[in-house]
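A quick note: this is a predicted structure, and the numbers were derived from the prediction, not measured. Position 1 is the first residue of the sequence; numbering continues from there.
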Amino acid sequence: MEVALNTLFITTEPAYLKLDHDTVVVEREEEPTKTLPLLAFSSIVLCGRITLSYALIARCAADGRTITFLDSNGRFRARVEGPVSGNVLLRQAQYIALGNEAKTTALARNFVAGKIENTRRNIMRAARESGDAASEEALRATGSRLRVSLDRLRTASDIAVVRGIEGEAAHLWFGVFNHMLLADRDCFSIAGRSRRPPLDASNALLSFLYTLIVHDCRSALEGVGLDPQAGFLHTLRAGRVSLALDLAEEFRPILGDRLALTLINRKQVMPRDFIVRSGGAVQFTDEARKRVLLSYVERKRDVVGHPASGRKIPLGLVPHLQARLLARFIRGELEEYPPFVLA
């Protein structure tokens with residue numbers, strides 16, 4: 001159980017949560033019962049087999065407090081929320097923008113530009129810190145190719161081209177992932193991206209972090225009144241939070257990829273932290289999941305410069321500022337949506 005940025009995370013399964021006046025009571029077998037002030041939380045995230053009382057669910061819905069259910073791998077399963085709220089005029093503008101090809105492409109282009117630039121910076125940083133000449137050369141070469149991808153992106157006027165450039169950039173990133181590993185290469189080396197389920201330790205770690213990022217982006221978008229399902233880069237699909245996935249792109253290199261490599265290279269996650277299930281799916285141990293979650297929360301506390309606002313703020317609040325900039329662009333108050341790039 002962890003608390004961070006007004007979010008209650010329950011990561012150890014099984015557990016039962018119930019409401020007692022204005023408090024959340026957390027019950028686990030063979031452990032003392034814990035009582036927490038409900039009003040301190042704006043959302044609750046549950047990982048694994050966690051159950052709740054009807055009274056607690058109803059109270060959270062009435063207060064506008066969201067409850068998100070993730071499985072043991074950190075994959076999104078369900079979300080409970082109260083009546084729809086937010087700015088209907090902003091949502092109307094968002095749906096109109098979806099039918100505007102130029103606006104849709106411009107947004108998709110900038111989401112991808114943020115992702116590629118942050119990825120390129122990760123790679124160039126790894127090249128500088130690499131003690132191996134061959135790895136440094138491979139990383140610098142990939143950094144140069146991503147620079148070319150950014151140049152091509154600026155002139156892309158078709159969303160299919162934008163998606164193609166994003167796919168190529170992701171392939172380049174995973175192509176040099178192993179060059180950035182400084183510890184336990186036998187365990188954490190990958191042959192590419194695998195998910196649903198992840199088939200190796202690195203992909204299990206990345207999938208878990210990416211899920212947390214999308215959750216945070218969804219909360220940020222809903223906070224400003226945008227529809228998290230009506231995305232521009234990701235195609236619309238029933239039940240898919242396409243706009244949250246769009247916004248998450250610029251944060252994956254910062255909050256996901258870089259953090260995963262840091263955890264591996266500092267041996268904060270190790271081969272013994274992963275379990276191979278039947279069928280080849282790789283999962284965290286409960287203890288490792290809790291450790292990764294704590295690191296994610298700590299990372300969000302890092303203070304960074306936000307170029308568009310000229311402020312220094314905790315990294316965990318940046319998605320909320322980006323959501324506000326996105327809303328301003330959709331309303332026509334900004335000529336361009338500026339993606340967040342970490343200095």
Side-chain angles (χ1 to χ4, degrees), residues 1-2 4 7-17 26-31 44-52 67-80 170-171 173-175 177-178 180-216 218 237 239-241 244-245 248 252 255-297 299:
M1 180 178 68
E2 308 298 335
T7 298
L8 171 63
F9 294 90
I10 304 294
T11 59
T12 303
E13 55 182 343
Y16 176 68
L17 277 63
V26 182
E27 297 179 346
R28 295 200 69 240
E29 291 183 1
E30 301 177 354
E31 285 188 9
I44 298 175
V45 178
L46 310 172
C47 300
R49 290 176 295 119
I50 316 291
T51 53
L52 299 87
I67 303 172
T68 301
F69 293 84
L70 310 180
D71 69 10
S72 299
N73 291 320
R75 190 188 313 162
F76 177 82
R77 285 303 190 194
R79 181 181 177 92
V80 175
H171 183 71
W173 162 256
F174 284 105
F177 185 88
N178 295 344
M180 293 180 275
L181 295 174
L182 304 178
D184 296 314
R185 286 194 172 191
D186 288 344
C187 171
F188 291 105
S189 291
I190 60 175
R193 183 81 173 110
S194 67
R195 53 183 181 170
R196 299 174 187 172
L199 300 176
D200 55 63
S202 286
N203 272 295
L205 178 57
L206 289 169
S207 290
F208 183 64
L209 292 171
Y210 290 167
T211 299
L212 295 175
I213 295 167
V214 172
H215 167 78
D216 285 348
R218 176 176 184 161
R237 187 183 301 166
R240 185 187 209 185
V241 285
L245 292 168
R252 289 186 182 213
L255 280 166
D257 301 338
R258 185 183 291 191
L259 179 56
L261 287 166
T262 298
L263 290 171
I264 294 169
N265 292 337
R266 292 182 179 173
K267 293 183 175 289
Q268 291 173 279
V269 292
M270 302 182 72
R272 63 171 179 262
D273 292 325
F274 297 87
I275 304 167
V276 180
R277 300 294 187 189
S278 59
V282 176
Q283 293 182 346
F284 287 113
T285 62
D286 286 346
E287 177 58 32
R289 187 185 306 111
K290 187 183 301 182
R291 207 180 317 130
V292 171
L293 185 54
L294 271 175
S295 298
Y296 179 77
V297 169
R299 175 68 174 138

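- Heavy-atom contacts from other residues, nucleotides or ligands closer than 6.0 Å to CZ of Arg240 number more than 12.
- Note that the CZ atom of Arg218 and the CG atom of Leu245 stand 10.0 Å from one another [nearest 0.5 Å].
- Take Arg185 and apply the side-chain contact (heavy atoms from CB on, under 4.5 Å) test, not counting sequence neighbours, and it matches Ser135, Leu181, Ser189.
- Side chains of Leu52 and Phe69 form a contact here, defined as non-hydrogen atoms less than 4.5 Å apart.
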Worked check of side chain to side chain contact (heavy atoms under 4.5 Å, CB included) between Phe188 and Asp200:
CA-CA 7 Å; Phe188 291 105; Asp200 55 63; over 6 Å; no

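- Expressed to the nearest 0.5 Å, how far NZ of Lys290 lies from OG1 of Thr285 amounts to 10.0 Å.
- Taking CG of Leu209 as the start and CG of Leu212 as the end, the distance is 6.0 Å to the nearest 0.5 Å.
- Between Ala201 and Phe274, the shortest heavy-atom distance links the atoms O-CE2, 3.5 Å.
- Applying the side-chain contact (heavy atoms from CB on, under 4.5 Å) rule to Asp257 yields the partners Asn122, Trp173, Leu206, Tyr210, Pro253; only residues at least two apart in sequence or on another chain are considered.
- Closest heavy-atom contact between Ser202 and Ile264: OG-CD1, 3.8 Å.
- Rounding to the nearest 0.5 Å places CG of Leu17 at 11.0 Å from CZ of Arg28.
- Residues that satisfy the side chain to side chain donor-acceptor pair (under 3.5 Å) test with Glu27, not counting sequence neighbours, are Lys18.
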Do Glu287 and Asp273 pass the side chain to side chain contact (heavy atoms under 4.5 Å, CB included) test, and can you show the C-alpha distance, the side-chain angles, and the key distance before you say yes or no?
CA-CA 8 Å; Glu287 177 58 32; Asp273 292 325; 5.9 Å; no

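- If you take CG on Leu199 and CD1 on Ile190, they are separated by 11.5 Å, rounding to the nearest 0.5 Å.
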Evaluate Asn203 against Val282 for side chain to side chain contact (heavy atoms under 4.5 Å, CB included), listing each step before the verdict.
CA-CA 8 Å; Asn203 272 295; Val282 176; over 6 Å; no

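- Across all non-hydrogen atoms, the minimal contact from Ala183 to Asn265 is N-OD1, 3.7 Å.
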Test side-chain hydrogen bond (donor to acceptor under 3.5 Å, both in side chains) on Gln283 and Arg277 and set out the steps.
CA-CA 7 Å; Gln283 293 182 346; Arg277 300 294 187 189; 2.9 Å; yes

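- Distance CG/Leu46 to OG1/Thr51: 9.0 Å, rounded to 0.5 Å.
- Between Arg252 and Ile213 the shortest heavy-atom distance is CA-CD1, 3.9 Å.
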